[in-house]
Amino acid sequence: MKNITTVLEYHDRTKHRPSRYAASLGYMDWATQPNPFRRYEGTELIPLKLNTITPPYHLLFGEDLPSAPLCLESVSQLLRYALGLAAWKSHSGSRWALRCNASSGNLQPSECYILAPALEGISDHPTLSHYAPNEHALEILHQFDTPLKIENDTILIALSSIFWREAWKYGERCWRYCQLDAGHAYQAIKISAAALGWECTILSVDSGEIGHLCGLDQLRRFDPHELESPDMLLRLSLSSHEISDIDLPAVPPLDSRANLLSPSHHDWPILEVIDTATQGLYPLTHPLTQSRITPPPSKSAGEIILKRRSAQMMDGSSITEEQFRRLLNASLFCRETSDVHFALFVHRVEGLPKGLYTYVRNTSDLESLKQAMDTTFEWKDYGEGLYLLREGDYRGAAQMISCNQEIAKDGAFSFGMLCRFGESLETYGAIGYKNLYHQCGAIGQMLYLEATSLGLSATGIGCFLDDEFHALLGMHDLKYQSLYHFTIGRAIIDTRIMTLEPYTH
Ligand SMILES: Cc1cc2nc3c(=O)[nH]c(=O)nc-3n(C[C@H](O)[C@H](O)[C@H](O)COP(=O)(O)O)c2cc1C
């Protein structure tokens with residue numbers, strides 16, 4: 001109960017309000033800008049391959065893709081199209097890297113660790129390694145003397161977050177963004193695994209065990225301000241396996257030391273409080289039962305993944321109803337996100353009246369959503385889980401709620417991800433709070449890719465006025481809370497920014 005109180009206090013305290021945004025530095029302290037690339041000094045670096053042939057995107061969602069063998073080439077492809085660099089951008093003398101996984105402010109808090117059996121080209125022992133995206137290489141943290149007790153067609157991937165990277169810019173609200181980013185990273189891995197015909201499942205493992213597996217609890221290896229918090233453990237395998245208890249190997253004291261990311265730091269003590277409260281056994285939620293429609297034939301998965309970019313401005317044009325419905329439906333590929341519904345501002349979708357809609361992704365919540373929202377809403381049924389709540393022009397409201405960002409009004413539509421909040425905390429405890437952000441982030445990554453495959457663009461919106469949105473929906477309790485916002489439309493490209501190929505350096 002103590003942990004739930006901590007969650008509720010953190011959630012309330014980090015809401016953006018019209019009169020007061022969540023606490024942050026309020027300016028960009030460029031002298032302490034964190035390095036987005038973690039490296040472990042003293043490790044052997046194994047370069048990965050840069051293969052470019054991936055199957056057509058639409059085939060990722062069927063059953064027909066044969067599984068690629070587990071080898072150096074497939075692990076290389078997996079990591080490149082999940083968490084690798086997608087492009088370098090340059091403008092006015094500065095240069096920055098963008099990655100396959102979207103990240104709030106491009107601050108990239110997520111780190112990735114791989115537990116793999118002996119693989120030719122990597123090691124003739126099982127290894128624990130860290131992925132270095134800038135080099136597209138594995139840093140070997142440990143080689144095990146005995147075989148791993150996992151299936152031999154399987155690797156495990158752990159994700160963790162370095163809160164400092166996000167705290168630098170976003171202060172106290174940053175813990176939320178780190179969790180959303182972890183959800184994006186998870187879905188990016190899942191999609192890249194699907195391109196290899198592999199299964200990717202989240203395991204129900206305790207945070208402490210994940211931290212131990214990656215050596216994150218060996219605190220002497222890290223600057224105390226730059227610790228990593230374990231997020232989740234994934235099983236990637238060539239075939240389906242029963243979810244069973246997993247026997248993780250003991251990791252001895254490691255010699256390598258994490259690089260220093262910033263010369264000095266600002267303290268945000270609440271981050272440790274919320275992090276400690278939300279550790280625990282990762283929950284396995286009920287899967288969605290609705291199925292997604294297979295997308296039409298498309299470009300290669302790799303091309304879509306590398307082309308995915310956040311729009312910084314939208315052109316205010318319309319999209320078709322078919323595109324709109326495909327986008328909503330694509331979110332159903334994220335099966336483990338049954339606690340999330342959408343409340344949408346539809347601005348310009350041909351054939352649909354402008355207005356406030358809801359997309360009920362899990363039909364068993366229909367009645368509870370109706371009860372939670374304004375009782376005067378129409379709930380006009382538009383089929384496939386889509387309901388019109390009230391007709392009207394919501395462009396101004398969308399912009400205002402998204403911290404005055406114009407992309408929310410200039411997209412064809414924007415929306416908030418309404419999460420079954422109170423019940424998730426009751427069922428799963430404090431870690432349920434973290435899991436809801438992971439669900440939202442996963443949906444975000446999926447929708448970015450689907451938008452790209454349809455020739456459209458998207459942008460995740462972490463900056464929104466929480467309770468203004470809830471009030472507009474007539475929601476005044478914690479049954480549902482919106483944890484992530486999003487906009488989709490057609491981007492205006494800023495031609496002053498140059499794009500360079502990744503991995504030419
Ligand atoms: C959780 C999250 C929150 C974000 N919030 C915003 C936002 O409020 N406004 C915005 O313009 N972009 C936002 N973005 C987009 C990021 O700035 C963008 O992903 C990042 O700059 C990397 O660019 P890319 O997506 O093109 O790779 C957000 C992205 C994520 C993943």
Side-chain angles (χ1 to χ4, degrees), residues 14 16 21-22 24 28 33 36 81-91 94-110 133 159 161 163 165-166 168-170 173-188 231 304-314 340 398-411 414-417 419 434 436-452 456-466 469 482-489 491-494 497-500 502:
T14 55
H16 282 331
Y21 278 15
S24 70
M28 305 290 265
Q33 185 179 15
Y81 292 106
L83 307 175
L85 303 191
W88 283 93
K89 295 276 172 178
S90 94
H91 180 51
S94 44
R95 205 172 87 111
W96 62 99
L98 294 173
R99 304 199 198 173
C100 296
N101 54 311
S103 159
S104 31
N106 197 30
L107 295 166
Q108 301 291 352
S110 307
L159 290 173
S161 296
F163 299 146
R165 286 210 183 108
E166 293 272 331
W168 170 73
K169 182 172 178 190
Y170 298 115
R173 194 169 160 101
C174 88
W175 182 90
R176 297 175 174 220
Y177 298 165
C178 289
Q179 305 311 327
L180 290 170
D181 281 13
H184 275 271
Y186 158 62
Q187 187 65 22
D231 294 324
I304 286 169
I305 289 168
L306 296 181
K307 244 178 88 181
R308 179 209 64 77
R309 287 284 65 85
S310 292
Q312 287 166 345
M313 289 174 288
M314 297 276 196
V340 186
Q399 177 174 348
M400 180 275 287
I401 282 161
S402 300
C403 299
N404 211 26
Q405 301 184 75
E406 291 185 354
I407 38 172
K409 84 162 166 42
D410 293 335
S414 66
F415 61 99
M417 299 191 197
C419 299
K434 197 183 208 173
L436 288 177
Y437 285 105
H438 294 170
Q439 294 190 34
C440 292
I443 292 172
Q445 186 71 18
M446 186 68 224
L447 291 186
Y448 263 117
L449 292 175
E450 191 74 9
T452 311
L456 302 171
S457 291
T459 304
I461 300 181
C463 189
F464 58 90
L465 304 180
D466 305 64
F469 187 62
S482 186
L483 300 184
Y484 191 20
H485 284 227
F486 217 78
T487 178
I488 299 185
I492 300 176
I493 307 296
D494 186 343
I497 299 180
M498 255 175 56
T499 302
L500 309 160

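Ligands are counted one by one from 1 in listed order, and the atoms in each one are counted from 1 as well.
- Residue-ligand proximity, Leu180 to ligand 1, at heavy-atom distances under 4.0 Å covers atoms 1 (C).
- The shortest contact between atom 7 (C) of ligand 1 and any protein heavy atom is with Gly460 O, 3.5 Å.
- Below 4.0 Å from some heavy atom of Thr459 lie the following atoms of ligand 1, by number and element: 10 (C), 11 (O), 12 (N), 13 (C).
- Taking atom 23 (O) of ligand 1 as the reference point, the nearest protein heavy-atom neighbour is Leu98 CD2, 3.6 Å.
- Side-chain atoms of Ser482 and His485 include a donor-acceptor pair closer than 3.5 Å.
- Side-chain contact check for Met313 versus Glu406: every heavy-atom pair is 4.5 Å or farther apart.
- Listed by atom number, the atoms of ligand 1 under 4.0 Å from Asp181 heavy atoms are 1 (C), 31 (C).
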Next on the checklist: For Arg165 and Asp181: C-alpha separation, side-chain torsions, deciding distance, then whether salt bridge (Lys or Arg N to Asp or Glu O under 4.0 Å) applies.
Outcome noted: CA-CA 12 Å; Arg165 286 210 183 108; Asp181 281 13; over 6 Å; no
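- Looking at Thr499 and Lys89, their side chains do bring a donor and an acceptor atom within 3.5 Å of each other.
- Under the 3.5 Å distance criterion, with hydrogens and angles disregarded, a donor-acceptor pair is assigned to the side chains of Ser104 and Glu166.
- Leu107 is listed as a side-chain neighbour of Trp168, based on a closest heavy-atom distance under 4.5 Å.
- Using a 4.5 Å heavy-atom cutoff, the side chains of Pro109 and Ser103 are in contact.
- The closest approach between Asn101 and ligand 1 stays at or above 4.0 Å for every heavy atom of the residue.
- Of all the atoms in ligand 1, the ones that sit under 4.0 Å from a non-hydrogen atom of Ile461 are 5 (N), 6 (C), 7 (C), 8 (O).
- If you check each of Arg176, Glu406, His184, Arg99 against atom 31 (C) of ligand 1, the one with the closest non-hydrogen atom is His184.
- For the 3.5 Å distance criterion, the side chains of Ser310 and Tyr448 qualify, holding a donor opposite an acceptor.
- Close contacts between ligand 1 and Gln405 involve ligand atoms 7 (C), 8 (O), 9 (N), 10 (C), 11 (O) [criterion: under 4.0 Å to a heavy atom].
- The side-chain hydrogen bond (donor to acceptor under 3.5 Å, both in side chains) search around Lys307 returns none, not counting sequence neighbours.
- Residue-ligand proximity: Arg308 is placed with a non-hydrogen atom under 4.0 Å from ligand 1.
- Taking the ring axis of Phe163 as reference, the NZ or CZ atom of Arg176 does not stay both within 45° of it and closer than 6.0 Å to the ring centre.
- Ligand 1 has an N or O atom lying under 3.5 Å from an N or O atom of Arg309, backbone or side chain.
- Residue contact check: Ile407 has heavy atoms under 4.0 Å from atoms 11 (O) of ligand 1.
- Among Ala86, Ala311, Ser310, Ala97, the residue whose heavy atom lies closest to atom 25 (O) of ligand 1 is Ser310.
- Checked options Trp175, Tyr21, Tyr177; the residue passing with Tyr170 is Tyr177 (criterion: ring-ring contact (aromatic ring centres under 6.0 Å, His included)).
- Of all protein heavy atoms, the one lying nearest to atom 16 (C) of ligand 1 is Ser103 O, 3.4 Å.
- For ligand 1 and Tyr484, the ligand atoms under 4.0 Å from any heavy atom of the residue are 1 (C), 2 (C), 3 (C), 30 (C), 31 (C).
- For atom 17 (O) of ligand 1, the closest non-hydrogen atom of the protein is Gly105 N, 3.5 Å.
- The protein atom (non-hydrogen) at minimum distance from atom 21 (O) of ligand 1 is Asn106 CB, 3.5 Å.
- Below 4.0 Å from some heavy atom of Gly462 lie the following atoms of ligand 1, by number and element: 3 (C), 4 (C), 5 (N), 6 (C), 7 (C), 8 (O).
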